[in-house]
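Working notes for the structure below.
A, B, ... follow the sequence lines: proteins, then strands. Residue 1 opens every chain. What you see is a predicted model, and the numbers here were worked out from it, not measured in a lab. Just so you know, these numbers use all the heavy atoms, side chains as well, and skip hydrogens, waters and symmetry mates.
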There are 2 protein chains.
Amino acid sequence: MKNIPDMEILFELADLFKVFGDSTRLRIMHTLFEDEHSVGEIAENLNMEQSTISHQLRVLRTNKLVKVRREGKQIYYSLDDDHVKRIIEMGLDHVLE
Amino acid sequence: MKNIPDMEILFELADLFKVFGDSTRLRIMHTLFEDEHSVGEIAENLNMEQSTISHQLRVLRTNKLVKVRREGKQIYYSLDDDHVKRIIEMGLDHVLE
DNA sequence: TGAACATATGAATAACTGTTCATATTTCAT
DNA sequence: ATGAAATATGAACAGTTATTCATATGTTCA
């Protein structure tokens, strides 16, 4: 295994996992697995309030898990990098056993 | 990537990540990376109340992330399987970039 | 059996977090 | 410019959760 993470890093790490520890955010990320989507599309897809999705997208954005692209009135979100997918898949391995 | 997880599984997955999303639990798991340890050892190591550690160990136990072995008065905890390490290391990859 | 030690548990509290409602901001089309 | 559409933001509320204190349970040893 890698170097032993010091305490401060473990706090950062906890913050990261906290972001994954909410089903709404997880469902949003899952929605973005294949393609980018606008806020409205995500809200409709998950059948939740636009406001709720927007709030949660901000959390994901703040934590650099999604990135943004504006196109006219719509704002398209997509996964920021491959870590997101891999972290989720790693968790799935544990859940699906 | 694997099959698309259905909604119910995403809820379970969120619950799993929730467990990782607390620094005390993460520090406990990190303490157990190399060796098993008793509750008292962990508490001393992290400089936290025995009661706090015990409560959090129960959460970890409930979620099958640690396992237990009794030896006299002491109870020794260790990581349950390799997923734990791998999930943490995967998260570290993202934090340490 | 009783004292001492290790761990677990329950109740209480304080802090945090997700959702909703209302409203603000931004952009486009007319 | 004005209205409509898409998204963001702020305040409030309800539900959740981590920690602490006090105490209970279980184990060993004399």
Find the distance [X]:[atom1] to [N]:[atom2] and express it as a whole number of Å.
X	N	atom1	atom2	answer
B:Arg25	D:dT16	CZ	C1'	12 Å
B:Asp22	D:dT16	CG	P	17 Å
B:Arg27	D:dT19	CZ	C1'	14 Å
B:Ile42	D:dT19	CD1	P	14 Å
B:Met48	C:dT7	CE	C1'	17 Å
A:Phe11	D:dA18	CZ	P	14 Å
B:Gln74	D:dT27	CD	P	13 Å
B:Glu49	C:dA8	CD	P	15 Å

Exercise for the section: Quick one: sort the B:Phe17 and A:Phe20 rings into parallel, tilted or perpendicular, breaks at 30° and 60°. Expected result: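 Rings of B:Phe17 and A:Phe20: tilted, 30 to 60°.
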About how many Å separate [atom2] of [Y] and [atom1] of [X], when rounded to the nearest 0.5 Å?
X	Y	atom1	atom2	value
A:Leu92	A:His30	CG	NE2	8.5 Å
A:Met48	A:Ile42	CE	CD1	12.0 Å
A:Ile88	A:Asp93	CD1	CG	12.5 Å

Practice task
Look at A:Tyr77 and D:dA6 and indicate whether a side-chain polar atom (N or O) is within less than 4.0 Å of OP1 or OP2.
Solution key: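 So the side chain of A:Tyr77 is outside the cut-off, no N or O lying under 4.0 Å from OP1 or OP2 of D:dA6.
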Give me, pair by pair, the N or O atoms of the protein and of nucleotides 9-12 of chain D that are less than 3.5 Å apart, along with how far apart they are.
| residue | atom | partner | partner atom | Å |
| --- | --- | --- | --- | --- |
| D:dT9 | O4 | A:Ser51 | OG | 2.8 |
| D:dG10 | O6 | A:His55 | NE2 | 2.8 |

Practice task
Compare every heavy atom of B:Lys64 with every heavy atom of A:His94, then report the nearest pair and how far apart it is.
Solution key: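 Closest heavy-atom pair between A:His94 and B:Lys64: NE2-O, 4.1 Å.
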Problem - Nearest heavy-atom neighbours spanning A:Lys85 and A:Phe33 - result: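 In terms of heavy atoms, the two residues are closest at CE-O, 3.3 Å.
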Exercise for the section: Please identify each residue that fulfils side chain to side chain donor-acceptor pair (under 3.5 Å) with B:Glu71, with sequence neighbours left out. Expected result: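 With neighbours one apart ignored, the set is B:Arg69.
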Problem - Nearest-neighbour nucleotide for the B:Ile75 side chain, C:dC21, C:dA8, D:dA18 considered - result: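 My answer, after comparing the listed nucleotides, is C:dA8.
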Practice task
Output the single nucleotide from C:dT7, C:dT19, D:dT7 whose closest atom is nearest the side chain of A:Thr24.
Solution key: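 Closest nucleotide among those given: C:dT19.
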Exercise for the section: Look at atom CD of A:Glu8 and say whether more than 12 heavy atoms of other residues, nucleotides or ligands are closer to it than 6.0 Å. Expected result: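 Not buried by this count: 12 neighbours or fewer within 6.0 Å.
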Practice task
Using only heavy-atom distances, determine whether the side chains of A:Arg70 and A:Tyr76 contain a donor-acceptor pair under 3.5 Å.
Solution key: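 A:Arg70 vs A:Tyr76: no donor-acceptor pair found between side chains.
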Exercise for the section: Look at all strands and tell whether B:Tyr76 reaches a base, only sugar-phosphate, or nothing, counting heavy atoms closer than 4.0 Å. Expected result: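 Nothing: the residue B:Tyr76, judged by heavy atoms under 4.0 Å, touches no strand.
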Return the polar atom pairs (N/O with N/O) between nucleotides 26-30 of chain C and the protein under 3.5 Å, or none.
none

Handout entry: Along DNA chain C (nearest heavy atom to each residue), the more 5'-positioned of A:Val59 and B:Ile53
Key =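 Final value for this comparison: B:Ile53.
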